[in-house]
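Below: one structure, written as structure tokens.
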Amino acid sequence: PVRIVLHQVAESGAYELEDNQGTRKKLSSEVVNRFKQRNSETLRGSLAFVPWILQQSYFEGGLDEGKIVMHRGTGAVVFSDASGFTALTERLAKRSNGAELLSQCLTAFFTPLINLINAYRGDVIKFSG
């Protein structure tokens, strides 16, 4: 298997890649900046999947390695059923743009519910069905 390791040189702050044989190659600042930009975009997009309490702990500096984050609070469980969903998917499967239409229907159904949950600092833990 191929193994590539990214190292940050302590003295200079530069980045190097190391291959299976231990050979290191310095990365240009342009490549490093592109990786940082791409990772930043990925992290921003993934915040929607991180529970609010963990985000709060992180930004307050409370997420040290090995530390357990505990939070007590009031909670609720929401069960929501999209009545007629199976029939809808069967009808849309026969259309050339059925997947896109189904996606629009699901977005219209779930977005208001998710927005309401987020407005009260809630978390969507799971979709099923």
Side-chain angles (χ1 to χ4, degrees):
V2 176
R3 181 181 72 97
I4 303 289
V5 179
L6 180 66
H7 296 278
Q8 185 173 18
V9 180
E11 304 84 42
S12 66
Y15 288 89
E16 299 175 337
L17 288 180
E18 179 182 346
D19 63 17
N20 288 350
Q21 289 77 36
T23 305
R24 289 189 179 197
K25 180 180 179 183
K26 184 178 177 182
L27 291 175
S28 71
S29 60
E30 181 180 307
V31 170
V32 171
N33 288 336
R34 176 65 187 128
F35 276 127
K36 286 181 178 180
Q37 177 188 2
R38 197 168 114 205
N39 287 341
S40 177
E41 291 167 0
T42 301
L43 287 173
R44 275 194 303 276
S46 64
L47 270 180
F49 301 100
V50 178
W52 174 83
I53 191 65
L54 290 179
Q55 290 182 39
Q56 181 184 28
S57 294
Y58 172 77
F59 289 117
E60 291 174 354
L63 278 186
D64 297 327
E65 188 173 331
K67 185 175 180 182
I68 296 173
V69 175
M70 292 181 56
H71 174 75
R72 289 184 190 260
T74 305
V77 177
V78 176
F79 295 96
S80 179
D81 181 43
S83 179
F85 182 74
T86 302
L88 175 65
T89 57
E90 289 170 354
R91 279 197 317 270
L92 292 177
K94 297 174 184 173
R95 299 179 68 165
S96 64
N97 63 341
E100 291 83 9
L101 293 172
L102 181 61
S103 175
Q104 291 172 1
C105 289
L106 290 172
T107 299
F109 181 81
F110 285 114
T111 298
L113 182 59
I114 293 169
N115 288 343
L116 182 62
I117 292 168
N118 288 336
Y120 286 90
R121 293 191 291 189
D123 296 306
V124 178
I125 305 300
K126 182 179 180 179
F127 288 96
S128 66

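- At distances below 3.5 Å, not a single donor-acceptor pair connects side-chain atoms of N118 with backbone N or O atoms of R121.
- Considering CZ of R91 and CG of L102, their distance stands at 11.0 Å, rounded to 0.5 Å.
- Other residues, nucleotides and ligands contribute at most 12 non-hydrogen atoms within 6.0 Å of the CD atom of E30.
- Atom NZ of K94 is separated from atom OG1 of T89 by 10.5 Å, given to the nearest 0.5 angstrom.
- Contact detail for V31 and L27: the closest heavy-atom pair is CG1-CD2, 4.1 Å.
- Remark: Y120 OH to T74 OG1 distance equals 13.5 Å, nearest 0.5 Å.
- Y15 and F35 have their aromatic ring centers separated by at least 6.0 angstrom.
- The NZ atom of K25 sits 14.5 Å away from atom CD of E18, with the distance rounded to the nearest 0.5 Å.
- Using a 4.5 Å heavy-atom cutoff, the side chains of K36 and V32 are in contact.
- Within the model, atoms OG1 of T86 and CD of E90 stand 6.5 Å from one another, a figure rounded to the nearest 0.5 Å.
- Proximity of F109 to S80: side-chain heavy atoms (C-beta onward) are separated by under 4.5 Å at one or more points.
- Between the CG atom of L17 and the OG1 atom of T23 there is a distance of 11.5 Å, given to the nearest 0.5 Å.
- Between the side chain of S103 and the backbone N or O of A99 there is no donor-acceptor pair closer than 3.5 Å.
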